[in-house]
Each structure stands twice: as structure tokens, then as C-alpha cells.
J.: 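Structure below; questions to follow.
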Amino acid sequence: MTTVAVKPATMAQALRRALRDAMAEDPAVHVFGEDVGTLGGVFRITDGLAAEFGDDRCADTPLAEAGILGAAVGMAMYGLRPVVEMQFDAFAYPSFEQLVSHVSKMRNRTRGAMPLPITIRIPYGGGIGGVEHHSDSSEAYYMATPGLHVVTPATVDDAYGLLRAAIASDDPVVFMEPKRLYWAKADWSPDAPAAVEPIGRAVVRRRGSSATLITYGPCVPVCLEAAEAARAEGWDLEVVDLRSLVPFDDETVAASVRRTGRAVVVHESTGFGGPGGEIAARVTERCFHHLEAPVLRVAGYDIPYAPPMLERHHLPGVDRVLDAVARLQWEAES
Amino acid sequence: MTTVAVKPATMAQALRRALRDAMAEDPAVHVFGEDVGTLGGVFRITDGLAAEFGDDRCADTPLAEAGILGAAVGMAMYGLRPVVEMQFDAFAYPSFEQLVSHVSKMRNRTRGAMPLPITIRIPYGGGIGGVEHHSDSSEAYYMATPGLHVVTPATVDDAYGLLRAAIASDDPVVFMEPKRLYWAKADWSPDAPAAVEPIGRAVVRRRGSSATLITYGPCVPVCLEAAEAARAEGWDLEVVDLRSLVPFDDETVAASVRRTGRAVVVHESTGFGGPGGEIAARVTERCFHHLEAPVLRVAGYDIPYAPPMLERHHLPGVDRVLDAVARLQWEAES
Amino acid sequence: MQNSRTPVQEPPGAPGRSAETPPSVRALGADPAPLLPDAEPFRVLGTDAAAGADSALLLRLYGELVSGRRFNAQATALTKQGRLAVYPSSTGQEACEVAAALVLREQDWLFPSYRDSLAAVARGLDPVEVLTLLRGDWHTGYDPHLHRVAPLSTPLATQLPHAVGLAHAARLKGDDVVALALVGDGGTSEGDFHEALNFAAVWQAPVVFLVQNNGFAISVPLAKQSAAPSLAHKAVGYGMPGRLVDGNDAVAVHTVLAEAIERARSGGGPTLVEALTYRIDAHTNADDATRYRDAAEVEAWRAHDPIRLIEDELTGRGALDEDGIREAARTADEMAARLRERMNADPVLDPMDLFAHVYAEQTSQLREQAAALRAELEAADGQDTGEGR
Amino acid sequence: MQNSRTPVQEPPGAPGRSAETPPSVRALGADPAPLLPDAEPFRVLGTDAAAGADSALLLRLYGELVSGRRFNAQATALTKQGRLAVYPSSTGQEACEVAAALVLREQDWLFPSYRDSLAAVARGLDPVEVLTLLRGDWHTGYDPHLHRVAPLSTPLATQLPHAVGLAHAARLKGDDVVALALVGDGGTSEGDFHEALNFAAVWQAPVVFLVQNNGFAISVPLAKQSAAPSLAHKAVGYGMPGRLVDGNDAVAVHTVLAEAIERARSGGGPTLVEALTYRIDAHTNADDATRYRDAAEVEAWRAHDPIRLIEDELTGRGALDEDGIREAARTADEMAARLRERMNADPVLDPMDLFAHVYAEQTSQLREQAAALRAELEAADGQDTGEGR
Ligand SMILES: Cc1ncc(C[n+]2csc(CCOP(=O)(O)OP(=O)(O)O)c2C)c(N)n1
Ligand SMILES: Cc1ncc(C[n+]2csc(CCOP(=O)(O)OP(=O)(O)O)c2C)c(N)n1
Ligand SMILES: [Mg+2]
Ligand SMILES: [Mg+2]
């Protein structure tokens, strides 16, 4: 076993490596979707997999997302572990019926006789200058669908770890990849990467005592940056990276909020009907008497995703997070 | 104008009458979908419309929901006001891409040049002994999609009034019809029925002072019954029927909760990621210092909808509502 | 970029080149002619070809048809007694149902739609387990692996890509397995039908699609569903053969399906079979078919009855007599009696099952919810006992 | 229920009846033969038929083709300068784009896909407004009613049911309007393609579908997309005629589309046209086509260039000389220069537009959010001025 030193890697590289390792370890793992073969995917996450494992293990499909997911259901019925790629968030919508009416329900329908270990990779979110339909944050739809796991990495480590765990899961996992973090780099040791076990644990990315920022995916770096900036205002913010929206780690989140007494949920998805409502509501149910202020939300506006030239006005940034923190009724404190 | 006395009518009859009156008033109104013509729809909501207005105005379509909604988009582009029927909640999912990627976005996409006045009628919810896929509460998906209105009647009056308002709206409206109330009867005067204007106003169905039950559609009668039962426990409950999930009537809801200081959101949809999270979160944001207890939620379990013989265990009933009310920390009161 | 200087800005090249045949980027598929269905549906019974049919197969089909019709009648009767939530009967379509079940080998898979209870039963599943969905005690009552029958699929055409995926997976694994998927005429209009057939053809998956064209999708007649010469003509658009068969002729259906299965297993790819049949009953017990069709049409189809067709052939060749007919009816009656008896017993239900299979491992929130329901049930139990109800 | 007593329990009726031809519940559509495409794509240029083509039309097509290629080159260049977010070029496909635009009458509608900027421009829209989507300042830059061009549609095939719906609505109103919808070879695999074509045929809607088969869906070649003899063969499965045409022969495309439009407007229903062409550029500026295709293939297609084809015909018949060629190039260059100039000016953006058109009337929550953004912008403005940035 050759030891390779820790070196900078992108999230894209870690994801690719997770797919590769999963395929190498388990011949039941099959990757398919639009352009994932020869091209290696439009984000190159599957680059080289067809060359290494053959066209059958990493296959280009016809251009039809319901067909892709529907075929994955059949393949999983026969014992394979399909990993499908939806090219962009909005292009997963044609497969919605297969997802909601079959993928999420098959295990339950058959009293466990027919589990569907399918991983559905969906690059999501904005911030990359994509034109319409290329920047949706669609996680609220999946969260509202019992039977699915919904996970999303925010770090290079987690990209590898969560994707391995997702593929290893005997349940369907909607694996949401924050597009704008694909090329974010971090030190990473590709020789001893580990799966995140079990799926469903949040992680405290930064310890703090004044208030908790609850976030996930593309907004984790935003919150960490906000937490640094907040020091100047005298706030010591804790940042919780949910990693998994389903299952939801009530324990970690509630423990943090009980400690800090204040919380802001930060995500890029639209606010109304978005994940933040659920998160704020459950935190409030669990921590009501510890709360000095209502749990606030910083989210994308309740609008169709903005065109590229206006997206910076739409996306929650450091300032908006700090504004929300400022509205956490600090008067009571002094 | 002949005057006909008030007499009992079902919600189904009121809906049918709303369609009829809208079609009679405006030749741009076209009704279509699966089995809506000759058969009059599986719930008979369109009964007689083809006979009265002809096959072109009330048309059976091929069996393809994306095609139905996609064709509606094109017809609306040409100036018609399509009213489409999705046969059951789960059978609207094939049209999800058309809904999210076009119906909800076309006005915004074209800076208002191309509004889509489409009404999408979706019978939803359980309680009618339907087998799998016939009892979904899918409103959370639509709430999370900016550009759509989402309304749902709970009374015979509102069934008429809201449907007329939906068809008259220049925006797309997802009109959710609570299946199990189709045959609920109430006194109704079909001669002076009125549209509910504007869409987006909640209504207080019962005045009370102890706590507010926030609900809509199929759970309105449940909450009213619970409020009656609660009198025995010494609680005087207020019941707010939202009628419209989008736009959301913050004013009416917050005013009620500020007055009562306690609230329970009641709906049939799954709890996690369901409408209740958003509702609880926004009520809490607006009424935090008036709240004696966290806003609680009574909802369907976080499971695929139950089979007919078990659905009564799944559906929120009076007892669960009262249990939640009991958990509203009344100790503080005395 | 290769087009930063476009050809048009340069002087045109040597004339004449442009008149060449354009290069082909498309492997033009096989000759379309053999993919097209015949104008007339394939028939065996009542034709000269009937003589070639094997008596043993005919008798087997006959017995299953008779039992099948009895099964439909019994299930429909059970809805009236409130024992089933709903029943979509396949009376009139038994030839398709039975042939589909009998033509499959043990290792093959069946993908039924919501109307195909009978096919699942004829394949060997316990009828009570098949009826679980329609009784309403659970969504699927049988283990799909047991007889390789996928759950009855309610969302129309959604089972077709499943069949393709399963067949493809089996082929990748090198297993000799064919999938047979059933769908209605209405279901062919769904996008999933299109995507499934296309995937199947591109992958050359060992799958056979059987469209039971019974003339209606609930109330909508075929003429409002499709303007195609026949539904089987859709096959050519995917590059697979389309076959048209008399769906009330069990031997013909069996023959066409057997050929298609043999083609699939030997690497010849998928086939689309359209069987012309008729739904004698209403859409379900809840439907009123008189609203949209004439009694005369139903009567005309009764005259082309699938059981009668095969019975005539068998009696004609002396392989079946009055005794045999009575025997088949008796067997069917016994089956129905057993079914009735078993269905008249209330199923044993455990509400806690609602939480048991949502995920491989229960999430904490489901554990909380399960505990709450358990507490409710215990409280109610206590109350029930206390009040002597 | 009519089946509570099933026929099989009664003694079988008179033998022989069952051998009758089954009643037909299906209006067997038209004879399939005329619906099938010819084996060879229809061509005019470089064939004897070319002589019959009208010089005025040829010259018009030629001018638009030359300008069109220049437009593609200019737009691609603008992506390199960061002036467009992305550009999916139709270089090589100009014959389809231009013929589609020119064949329509004023009252007709065009439904372009995301690659069809050129068709929208050739139809008369302001190129800057057409490029709005790809520049990124808004989603659609033009009023669709102005020249009856629907927004460029990014979700593949989703525009097809819109075209059907619009055409159907126009016909119901008694208006003489035809819709022409464009889609790629990849897009034909989507369920929406299927549903749209089926609706069109059942409704006999005046709509024409033009598939630009350019051999690839991003990196996926046609052979992995479909196993059909041709994509035009899909037409028969809907009961509409399928036509195959050389997509680089602008006259042939124009002719076939004109015929289809005439059929549509005279009540003959929809047509599916497959045009064989090639995408000379990469999928978009962001794509690297060398990863999935050979330079030789591109070169082979360059030799069958749509501009060269028509130029040869025009020069051959003496309707175009060196001066005319230079003139066309000059016109194209002027168009490009104007476009470049206008695109080099920053668009005027108002972030408040984000809230202006979500609904007919702003909801209270959008008013709140708009107010918050306005406050942010004003604060930033103040800061900017203060800091003299
Ligand atoms: C996606 C979807 N849409 C609608 C329905 C409601 N529905 C149930 S059966 C039926 C008609 C089906 O007709 P067909 O496919 O011809 O099958 P048949 O009932 O004749 O066996 C409809 C519309 C459904 N089950 N699934
Ligand atoms: C529903 C949907 N899925 C995926 C995509 C992503 N995508 C954009 S273009 C493209 C390929 C389209 O190929 P084709 O239809 O042949 O058109 P062409 O690009 O060749 O013009 C894909 C997969 C999309 N836009 N919409
Ligand atoms: Mg049918
Ligand atoms: Mg293409």
C-alpha cells in the first residue's frame, strides 16, 4: 500500500473517487445517466469510469430522466445498486413520478421484501452563472417525500464519505451535490478516505456560544465566513452543517441551540415552503424555552431562480446572515 | 331571475356549478383531462359540461398528464383559460416538470408578457378508502414552487367561490380538492354564489380565545369538531381555515395567534417537510413574544400514505388535535 | 473554437463537392418492413392453424381461463360485500392474463398493471396475497421474488421501465431471464411507455411488452387515445418488432408471446405485442360503464368469448366433453369457495407496520411517531376493555 | 354487475359462433404505408429537382444562411469575451434554422429549443433580445407575441406540448395558424415528445414537428439514443406522416416544411419531419467535443455544407456571382458588427425585477422581500458613493 501525502483536492475529485472506489469494491454498483460515459459527465464527476469499468458499468443512456430512474428501479429489483446522475437539478423533474410513486415507496410497499438501494446524484443550486433551469435548489421536494434519504456534502471529505455511505445504503438516497462547491479545494488524503456512517448525523463545523447557524451544502462556507466576520461584532457563532436533511439530526441541532439560545437557518432554496420552515419549526418545538428570539431564516427569495447577472442579489450571502443574527433580539442579553 | 331557496348541496355540486358558470361566462374557459367528458370525471365534477358546452369545451384527453398540462400551457399562451383535472393527487406527478419548469415560471420568464391563467384541479388527501397512490397530500410540493397559487376549499361555499376565483385569476392556480369532503353537504344558495376575492385570505371559522388551530381543507371539519370537544376541557379554541396556502395570509393568522398566545397547525400531509413547518415557522417569527408555548403540529405520519384499512390510524383526528392542545403548556396559565 | 473563422467568409471551394451524399452519422436501423405488424391480428383458434395446437396446452389454458373468469367474478362479488376496497376486473381479457402467466418460464419476471391480478394468480401466487392491495390491508401482499412477479402497478405505464431495467440487469449478469410487462391501451399514451420502449430497444433488453387493448381507458375510447393504424405500429419507432394478435384467442397470444420471449432470450431484443380484447365488466366495481358504451358492443364481444373459443376447439377435436367442462367449472368453483372463505376472514392488521418498512432502519422521528401511536392504541385498548366494547 | 353469473358456468352456446371475426372497437387508422418516411432523405440541391427551385427563394435562403453562420460565430466569440454566459451554436445546422423561420407565415408560431436562437433571429426578432437568456440578464428577452416565437425552451421536448396546445387552441378559435416546433434528436427520447405527438395526432392539431437530428445529444451519439430505422419512423406510431429530409439542404427542408404546414392548415393534421444534419461546433462553448467524436467526421460534414450547397446552385444558374457572395458576406459582417457593439454595452439591470413578475400582483411576502433588497441596495449605494468606488 503506497502512502500518499495529504494534498489539495476538489469536491469533484472526491466524488469521482467515491464512485470509483464503490465500483471497484462492489460489482453490483452501476453508474448511468446522460453523458456519464465517454464524456465523463458535464461536470466530469464520472470521468474515466467507463474506461476503467467498461460501458456496462458506466453507461450513457438515452435522454429521458423518468426512463433512467425507472430503469434503475428495475435494476435494483434484480439486486444491482444503481447510481444515476441527473444532469442538473431541474432536469430531475421528469423523473418525479418514478421517485415519489416508486423509489420512495417500494420497500414499504413490499414490507421490506424489495428494497431499492438507488443513489440519485443531483447537482443543485446556483452561483455558477447558469441560465434558467440550471440552478434550482429542489431539496424541499425530496424532504417532503417519506422513504427517501436526502444528503448533501459541504466539504471534500464529506463528498467522499457521504457518497460512499449513500451507495452503501440499502435505501434510496437523493444525493445533492452543491454545484458551486465542485471546484472548492481542501486538503484531502485520497488514500484513507472514509464513508460517513451512519447517514443522518449533523456536524458542528465551528463551535460558538452566541447563536447557532444551521445550514447545509452550498451555504456552509457562507456561514463559516459569516461566523468569522461576526467576531468583529462580538458574536461567537456556532455553525452546524446538517449533511443529511433526511434523516434529520434533531439531537445535534437541538443541543447546539439549547446551548446558544438563538438560531438562524441558512439555505439557498426559496424560503417559503423550503427546508428552513421544517428546521425552524422542529428546533422551536424542541428548544422553545431556551430560545431568546424566534429562529430566523435566511434563504433565497420566493421567486424563480434569478438569471445569472442577478443571482448575486438572490443568493444568501454573509451580510444577510449577519443581518439576521443582528435581529436575534440581543437587547434582552444586556 | 328566478329565486331558489337555500338548500343542501355537496361540495362536488358546488365545484361543478363553478365550472359551469365560469364556462358560461367566458368562452375562453376550457376544461379537459382524463374522463372529464362523457363520464363527467371519476368524481363527476365535470358531469354535464360536455353535453352543455360541447366536446371542444370539455374534452377527454389521451392518458398523459404531462401532455395535458403542457397542452394547457400552449392553450393559455393563445389566450384560453384552461382548467385541467388531474384524476388523483399521485397522478399529477407525471406533470411535475411542466408545472415547475413552465407553468410556475412563464410569467416571470417573459416579464409578464405571457401569463398563464391555468387552473389545475387536483383531488387530494385520504379518508376515502383509496388504494395506494389515491390519497396523497401533495400540497407541500406546490407550496415550495414560487409562481403558483395553491388554494383549497373546506366548505361548499368556498368550493364555489375559490374555484371561480382560481379560474378568474391571471396566474396559475393549483386547486386542491379535498376528496373526502366532496360529498359533505351544507346549505347553499346556488343562485347567488360568489367568488372569493381576492385569493389569499384566510378565514376564522370559529372564534375562540384559548388557542388557535391553523388548518385547511380536509382538516377544517376535524378542527371544528375538536374545538367543540375542547369546550369540555375548558378550552375555547379558535379555528383558522387558511383557504389559500399561497399566497399566505400572515395577517389573519398572526392576529389570531397574538390574541390566543398558542397555536397548533393541523394537516393531513406528512409532518416532516409538510406545510406545517412553514406555517409554524412564520407564525413563530411573527408572534414569538406572544407565544406561551411552541407552535405544535398535528399531521400525517412521515410515511407513505397508509393502506385503506389502516388509514384511520394515520389521519389526524379529534383526539390527536386535543392531545396537542393539551401539550400547549397550560401550567403557565394558572 | 473551430468556428471562429467560418467557411462562408472564405471563397467557396471547388464546386461539385457539395452535391455529394452527406455522410451518415446514424446507423440506420434494420429494415423497417419486418418491424411492422400485419394488418390483421394473428389468430389460431377458429382457423386452420388450430389443428396444430397441442391439446395439453389447450387444456391447461382452458382450465386457467375458466378459473380465471370465476376469480374475477368472485373478486367482484367480494367488493359488494365490502371485502375488497375496489376490484378492476379482467373478465373478457382472461386469454391475455392467462397466456401471459403460462408462457413464462420459472426464472422469468412478470410486471403486471393494476388490472392484472389474474395474471399474478395464474403465475402461482396466493390469490389472497394478490388481493391484498385491493382489499386494502397493505399495498402489496406478496413477496415479488417468490414467483418473480413485481407489485401490481397502479400509476399507469410506470412499471414498464422497471421491467426494462430488470431485464437489462439480468442480461448484464449473464442470466437467462426475460421480463414480460403488461400495460393497457390508455397506458401507451404515457411518457413512461415511450421511454421504456426506447431504453429497451437501445439496450436490446430481453423484455416483452404486452398491450392489452381493451378499447377503453376507463371511459375514453381508443379513438380518443390514439390515431395510430394500430398500437403495435408504435414498435417501429423504437426499432423493435410490433405484433398484433387476437387478445381473446389464448393460443394465439401464447404463441406470439412465446416467440417474442424466445427472441428476447436469444439476444434479439424486445418486442411490442398488441392484443385486441375487450373489458366486459365496468372499469371497476365503482364505475358505471353504461355512461360511455353501448350494451350492443359488449354483446358483440361476448360472442367472441375467450373461453368459448378454446372450448369449441377442444370439444371439436374431442379433447373435452361435457364432463370435462363440468370438471373445469367445479375446480373453478372450489377455488372461488376457498377464496371467499379466506377473504371473509378479517385480515390481521398491525398498525405499527405503518412505521416498520419505510426505511431499512427506523429514523428517530419515526420511532417517536411509532411510540405515540402505540401509546394511543394501548390507551384505546384499555378504554375498550374498560368499557366492555 | 353483469358478470356475477359468468358465461362459462352456462353450457356453451352454438358452436361455430366463436370463430367469427371479433368486433372491432378500434377505428383502425389510415393505411400505414403513406405515413412511413422514404428510405432516403428528400433532397433538392444537387439533384435534378434543383432546377425547379425559385431563384428569389434561393437567394433569400442564401442570405439568411450566410448571416446565420456569422451570427453563430459572433455569439460564440462573445462567450469568450464573457459577454454571454453560454452559447449553443447551430453552425452546420443553419439550413434547418433558416428554413424553419422563413417557411412560416406571419400568423404562425415558432417553438424553438435552446439551440434555436438563429431561427428566432431569422424570424425577425431582435438578436440582442434573443440572446438575453444566454447573456444572462433575464430568462427571455423578447415578447413572444411580437413575432409569435415562444421562449427558447431549455428543458428538452417540453416545448412540444405547448406547440400542440397553441395550435389546438387556434384551431378551436377558427384561426388559420400553424405551430412549428423544433426539437433535437436527443429530445425525441423524452416522454414529452411522445405525449405531444400523440395529442397532436388525436386532436389533428395544426402543428409540425421538426427534429434536427445532428447526430449527438451532447456526447451521446444517435446509436445510443435510438434503435429506430429513422426518427421519422416514429410518426407512424401516432398516425401522422413522417418525413425524412436532408437537413443541410435548405430548399429541401423548406419544401418539406411548407408541405407539412399546408397539410396542417388545411385540416390534415400534424407531421413529423426529421432533418439529417450535423452540429459542427461543440455542444456549447463549455463543451469539449474532441472527447467524443472524430475530427474526420466533422470534416466529412463540412464537405456537405448547407451554405456551399445553395451557393453552388445559385452560382451554377448564374443567379449569384462573386459580387453577390461578397455582398452577402458584407451584410453578415455588418449584422455581426452591430450585434458585437450592442452586446458590448452592459445591459441595464434592475434587481427589483426579480420580484416584479412572479405573480400578476405581488404577494405581501414578495413585497417584504423586495423592500429588504431595496434597502440593501440603497445601503450599498450609499457606501459605494461614500467610498468613491
Ligand atoms: C399515471 C396515472 N394516471 C391516471 C391514472 C388513473 N387511471 C387508473 S386506470 C385508468 C385507465 C387505464 O386505461 P388502460 O391503460 O387502457 O387500462 P385498462 O383500465 O383498460 O386495463 C386511469 C386513467 C393512473 N392510475 N395512473
Ligand atoms: C429535460 C432535460 N434533460 C437534460 C437536459 C440537459 N441537456 C441540455 S442539451 C442536452 C442534449 C440535447 O440533445 P439534442 O436533443 O440532440 O439537441 P442538440 O443539443 O443536439 O441540439 C442535454 C442532455 C435538458 N436541457 N433538459
Ligand atoms: Mg384499456
Ligand atoms: Mg442532437
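Just so it is clear: chains get the letters A, B, ... in the order the sequence lines come, proteins before strands, and each one is counted from 1.
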J.: Give me the atom names and distance for the closest heavy-atom approach of D/A85 to A/P308.
T.: CB-CG, 4.5 Å
J.: With rounding to the nearest 0.5 angstrom, report the NE2 to CG distance, A/H313 to D/D350.
T.: 9.0 Å
J.: Tell me the closest heavy-atom pair linking A/D302 and D/V358, and the distance in Å.
T.: O-CG1, 4.2 Å
J.: Can you tell me how far apart OH (A/Y301) and CD (D/E368) are? Round to the nearest 0.5 Å.
T.: 12.5 Å
J.: CZ/D/R293 to OG1/A/T38 distance, rounded to the nearest 0.5 angstrom?
T.: 13.5 Å
J.: Any salt bridge linking A/D35 with D/R291? Criterion: basic side-chain nitrogen under 4.0 Å from a carboxylate oxygen.
T.: no
J.: So, for D/L133 and A/V131, which heavy atoms are closest and what is the spacing to 0.1 Å?
T.: O-CG1, 3.3 Å
J.: Rounded to the nearest 0.5 Å, how far does CG of A/L310 lie from CG of D/D137?
T.: 8.0 Å
J.: Does D/L373 reach the side chain of A/H314, with side-chain heavy atoms less than 4.5 Å apart?
T.: no
J.: Select one option (side chain, backbone, both, neither) describing which atoms of A/E65 are under 4.5 Å from chain D's heavy atoms.
T.: both
J.: Check the surroundings of atom CD in D/E361: do more than 12 heavy atoms from other residues, nucleotides or ligands lie under 6.0 Å from it?
T.: no
J.: Does D/K224 form a side chain to side chain contact (heavy atoms under 4.5 Å, CB included) with A/T61? I'd like the steps, not just the answer.
T.: CA-CA 7 Å; D/K224 288 187 181 178; A/T61 63; over 6 Å; no
J.: Using the side-chain contact (heavy atoms from CB on, under 4.5 Å) rule, pick out the option among D/D287, D/V220, D/D288 that qualifies with A/L39.
T.: D/D287
J.: Hey, which of A/E311, A/E132, A/R312 has the most heavy atom pairs under 4.5 Å with chain D?
T.: A/E132
J.: I need the residue from D/E376, D/R135, D/Q369 with the largest number of non-hydrogen atom pairs under 4.5 Å to chain A.
T.: D/Q369
J.: Measure distances from D/L156 to the heavy atoms of chain A and classify the residue's part below 4.5 Å as side chain, backbone, both or neither.
T.: side chain
J.: Look up atom CG in A/D60 and atom CD in D/Q225, then write down how far apart they are to the nearest 0.5 Å.
T.: 9.5 Å
J.: Looking at A/L63 and D/G186, what are the two nearest heavy atoms and their distance?
T.: CB-O, 3.4 Å
J.: Picking from D/F193, D/Y114, D/W138, which has the most non-hydrogen pairs under 4.5 angstrom with chain A?
T.: D/W138
J.: Above 12 or not: heavy atoms from other molecules or residues under 6.0 Å from CD of D/Q81?
T.: yes
J.: Where does A/F91 contact chain D at under 4.5 Å (heavy atoms): side chain, backbone, both or neither?
T.: side chain
J.: Chain D heavy atoms under 4.5 Å from A/H133: which part of the residue, side chain, backbone, both or neither?
T.: side chain
J.: With respect to chain D, which residue among A/P94, A/A90, A/A64, A/G67 yields the maximal number of heavy-atom pairs within a distance under 4.5 Å?
T.: A/A64
J.: Against chain A, label D/I218 side chain, backbone, both or neither, depending on which of its atoms sit under 4.5 Å from a heavy atom there.
T.: both
J.: Over all heavy atoms of both residues, which pair between A/P307 and D/G136 is shortest? Give the atoms and the distance, please.
T.: CB-O, 3.4 Å
J.: Select one option (side chain, backbone, both, neither) describing which atoms of A/A306 are under 4.5 Å from chain D's heavy atoms.
T.: both
J.: To the nearest 0.5 Å, how far apart are OG1 in A/T270 and CD in D/Q365?
T.: 9.5 Å
